[in-house]
Amino acid sequence: MSTWMPIAKEYDPLKAGSIDGTDEDPHDRAIWRAMLARYAPNKGVTGDPLLTLFVARLNLQTKEEKLREVFSRYGDIRRLRLVKDLVTGFSKGYAFIEYKEERALLKAYRDADGLVIDQHEIFVDYELERTLRGWIPRRLGGGLGGKKESGQLRFGGRDRPFRKPINLPVVKNDAGREGKRERRERSRSRDRHWDARARERAREKRWQEREPARPRPGGDWEPDRDSRDDRAKGREKRDRSK
């Protein structure tokens, strides 16, 4: 418990796919892709990563001039890069801002997150590509974001930090594996039991549908009981003969 942190200190795709960082099995294809990916940070990126902010969820119409105007309130900007599509030249909705001083970076990190720029609430975090060991970008199945609808939520970042595990430490041993095996067997046995009951109900329904029916005195319908009536008549004849 003493080593647990809500923010990832090293990127692990498997842990990032878990709300508390304790999953042991990948639960979507993106995690497999990220685990198999071999990614190196873009060498063309310049500047000090420790003084750089990542700004996302921008309005696609927002220009660099607008970003510079807003973020220069926190300190002197050394470099600002709005990421654009190489083919169309349109904004991709995120940017990197490098400050000259660390205090300006910290102030922007603290105060700019959640600002509304051009009707969009922005997200601000430190640059992770060059500062978080093992980082895998979103396009390769990694990242620390995502939507619930996509089934690819990622945890361990500022936006979605890890939740504290309920039971720590997690002990992985033969008994735990045996417990999982027993649970699977119980589940299969339960499924077989329900399948057998369903088949039995289906047979009863087919049998009832084949039986002739006749109205009760009260107007309801009941299965024919000719065989029982015959036995009752036989008993009456025997009683009269005595």
Practice item. Please check if atom CZ in Arg79 has more than 12 non-hydrogen atoms from other residues, nucleotides or ligands closer than 6.0 Å. Key: yes

Review point. Could you go step by step and tell me if Lys63 and Glu65 meet the salt bridge (charged side-chain N to carboxylate O under 4.0 Å, His left out) rule?
Key: CA-CA 5 Å; Lys63 306 297 182 182; Glu65 293 76 13; over 6 Å; no

Exercise for review: Provide the closest heavy-atom pair for Arg154 versus Ala30 in the form atom of the first, atom of the second, distance.
Suggested key: NH2-CB, 3.3 Å

Review point. For the residue pair Ala104 and Tyr74, what are the closest heavy atoms and their distance?
Key: CB-O, 3.3 Å

Exercise for review: Check whether any side-chain N or O of Arg160 sits under 3.5 Å from a backbone N or O of Gly146 as a donor-acceptor pair, and report yes or no.
Suggested key: yes

Check your understanding: Is Phe90 isolated, or which residues cluster with it under the ILVMFWY side-chain rule of less than 4.5 Å, directly or via members?
Key -> none

**Study point:** Close side-chain approach of Leu51 and Lys100, heavy atoms under 4.5 Å
**Key:** no

Review point. When clusters are formed by joining ILVMFWY residues with side-chain heavy atoms under 4.5 Å apart, either directly or through shared neighbours, do Leu53 and Leu115 land in the same one?
Key: yes

Check your understanding: With distance as the sole test, does Asp20 use its side chain to make a donor-acceptor pair with the main-chain N or O of Arg163 at under 3.5 Å?
Key -> no

Practice item. Could you tell me which non-hydrogen atom of Tyr99 sits nearest to which non-hydrogen atom of Leu105, and how far apart they are? Key: CD1-CA, 3.9 Å

Review point. Applying the 4.5 Å side-chain criterion to the ILVMFWY set and letting contacts propagate, would Leu80 and Val55 be lumped into a single cluster?
Key: yes

Review point. Do the side chain of Ser18 and the main chain of Lys15 share a donor and acceptor less than 3.5 angstrom apart?
Key: no

Revision key, fill the gap. Residue set satisfying side chain to side chain contact (heavy atoms under 4.5 Å, CB included) with Asp125, at least two apart, ordered chain then number -> Tyr109, Phe123, Leu128, Arg158

Review point. What class does the angle between the rings of Phe96 and Phe54 fall in, given that below 30° is parallel, 30 to 60° is tilted and above 60° is perpendicular?
Key: tilted

Check your understanding: Do any N or O atoms from the side chain of Tyr11 and from the backbone of Gly143 form a donor-acceptor pair under 3.5 angstrom?
Key -> yes

Check your understanding: So do Leu82 and Lys84 actually touch side chain to side chain, heavy atoms under 4.5 Å?
Key -> yes

Practice item. First locate atom CD of Glu127, then atom CG of Leu50, and finally report the distance between them rounded to the nearest 0.5 Å. Key: 9.0 Å

Check your understanding: Hey, are the side chains of Leu67 and Leu58 touching, using non-hydrogen atoms and a 4.5 Å cut-off?
Key -> yes

**Study point:** Smallest separation among heavy atoms of Ala8 and Leu132, with atom names
**Key:** O-CD1, 3.6 Å

Check your understanding: Any donor and acceptor pair, going by atom type alone, linking the side chain of Glu98 with main-chain N or O of Asp48 inside 3.5 Å?
Key -> yes

Point to revise | Under the side chain to side chain donor-acceptor pair (under 3.5 Å) test, residues paired with Asp111 that sit two or more places apart | key: none

Review point. Should we count CD of Gln61 as having more than 12 external heavy atoms under 6.0 Å?
Key: no

Point to revise | Which atom of Ile31 lies closest to which atom of Pro26, heavy atoms considered | key: CG2-CB, 3.8 Å

**Study point:** Step-by-step side-chain contact (heavy atoms from CB on, under 4.5 Å) determination, Phe162 to Ile19
**Key:** CA-CA 6 Å; Phe162 289 129; Ile19 194 169; over 6 Å; no

Review point. Considering only heavy atoms from C-beta outward, does the side chain of Pro41 approach that of Trp135 to under 4.5 Å?
Key: no

Check your understanding: Are any side-chain N or O atoms of Asp118 and backbone N or O atoms of Asn59, one a donor and one an acceptor, separated by less than 3.5 Å?
Key -> no

**Study point:** Full working for side-chain contact (heavy atoms from CB on, under 4.5 Å) between Tyr39 and Glu129
**Key:** CA-CA 10 Å; Tyr39 178 77; Glu129 182 179 18; 2.3 Å; yes

Review point. Any chain of hydrophobic side-chain contacts (each under 4.5 Å) joining Ile77 to Tyr126?
Key: yes

Point to revise | Backbone N/O of Arg139 and side chain of Arg33: donor-acceptor pair under 3.5 Å | key: yes

Exercise for review: Go through the steps for His27 and Asp25 under the test side-chain contact (heavy atoms from CB on, under 4.5 Å), then give the verdict.
Suggested key: CA-CA 6 Å; His27 54 75; Asp25 298 308; over 6 Å; no

Review point. Where do Val124 and Phe71 land on the side-chain contact (heavy atoms from CB on, under 4.5 Å) test, with the steps shown first?
Key: CA-CA 11 Å; Val124 177; Phe71 282 89; 4.2 Å; yes

